[in-house]
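Worksheet: one structure, shown below.
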Amino acid sequence: TSDQFLAGCKVVVTAGGTRERLDPVRYLTNDSSGKMGTALANVAAAAGAQVTLVTTAAQPVLPAVQQVAVASAAEMKAAVEAHFAAADIVIMAAAVADYRPAQAADHKLKKTGEAGMTLPLVQNPDILKALGAAKTHQFVAGFAAETDHVLANAAAKLARKHVDLLIANQVGAGRGFNADDNEVVLLWPDRAPQPLARASKLTLASQILRQIQEVRG
Ligand code: C5P
């Protein structure tokens, strides 16, 4: 029997890149595979938590994980907010699109006949920032995928989004997105940064969740 270190805990995790529709057959998205979020959900379930995984991805999950399939940031926000009040731990591992097309056409967009085309975008709501502002008893964690100035950018995000933990990782050049392993630094509001050595996403998920439990006391 495995160590049930999250017995009785309600955990909400998001995973994958959001898909922002232009028209019925096209969308904007990113390279996130959903592997890190899915690993967190599976490890939490194996550790006895009641887990809701709000995901855009189709990664294998344990039967005990309650999956909520979403596509856009707006759908993800609604699903996370529906489960927030009852949650003890919320981890936003999803790569939420910063912008979406200003309009989702209800028909396939046609070529304009011009050489170029400009697509108007509007900003998506920051789900994590809203959770950080709304949290009462919940432990709220986010990720920061950075290509440069990883620690400085992530530390700024920790403060700006008012979260309890920011997990920073370097992406680009074959690192982070869609890989089976990862290398991260845990940033806490009032503890020293904690680097976790390169390991499988499953191993890192276990280390991250154990650290969260230790800090929650
Ligand atoms: O600001 P940035 O996108 O780098 O922040 C990353 C963190 O914020 C991730 O945890 C991501 O899930 C979350 N996020 C969000 N809503 C957004 C953008 C990012 O919840 N619109």
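Note: hydrogens, waters and symmetry copies are ignored here, and every other heavy atom, side chains too, is used. Every number for a ligand or one of its atoms is a count from 1 in the order of the listing.
Looking at Leu196 and Val185, their side chains never come closer than 4.5 Å, going by heavy atoms from C-beta outward. In this structure, Gln138 and Asp88 have side chains that are not in contact, with every pair of non-hydrogen atoms separated by 4.5 Å or more. At least one side-chain heavy atom of Val215 sits less than 4.5 Å from a side-chain heavy atom of Arg191.
On a distance-only criterion, Met92 and ligand 1 share at least one N/O pair closer than 3.5 Å. The distance criterion of under 3.5 Å between nitrogen or oxygen atoms is met by Ala94 with respect to ligand 1. At under 3.5 Å, not a single nitrogen or oxygen of Ala95, backbone or side chain, sits near a nitrogen or oxygen of ligand 1. Taking any N or O of Ala144, backbone or side chain, none lies under 3.5 Å from an N or O belonging to ligand 1.
By the 4.0 Å heavy-atom criterion, Ala141 is excluded from the residues contacting ligand 1. The shortest heavy-atom distance from Lys161 to ligand 1 is under 4.0 Å.
In the vicinity of Pro125, heavy-atom distances shorter than 4.0 Å reach the ligand 1 atoms 16 (N), 17 (C), 21 (N). Counting atoms of ligand 1 from 1 in the listed order, those under 4.0 Å from a heavy atom of Gly142 are 10 (O).
Scanning the protein heavy atoms around atom 3 (O) of ligand 1, the nearest turns out to be Asp98 OD1, 3.9 Å. Annotation: atom 9 (C) of ligand 1 to nearest protein heavy atom, Phe143 O, 3.1 Å. Ranking protein heavy atoms by distance to atom 13 (C) of ligand 1, first place goes to Leu128 CB, 3.7 Å. The protein heavy atom nearest to atom 16 (N) of ligand 1 is Ile127 N, 3.0 Å. Remark: minimum distance from atom 18 (C) of ligand 1 to any protein heavy atom is reached at Val96 CB, 3.7 Å.
Counting only N and O atoms by type, the side chains of Thr52 and Gln66 include a donor and acceptor under 3.5 Å apart. Side chains of Thr203 and Ser200: a donor on one and an acceptor on the other come within 3.5 Å. In summary, the side chains of Gln213 and Arg216 do present a donor paired with an acceptor at a separation below 3.5 Å, with no hydrogens or angles considered. Looking at Glu146 and Gln170, their side chains never bring a donor and an acceptor atom within 3.5 Å of each other.
A salt bridge between Lys108 and Asp23 is absent, with no side-chain N of the basic residue lying under 4.0 Å from a carboxylate O of the acidic one.
Heavy atoms of Lys157 found under 4.0 angstrom from ligand 1 belong exclusively to the side chain.
Atoms CH2 and CG, from Trp188 and Leu165 in turn, are 4.5 Å apart once rounded to the nearest 0.5 Å.
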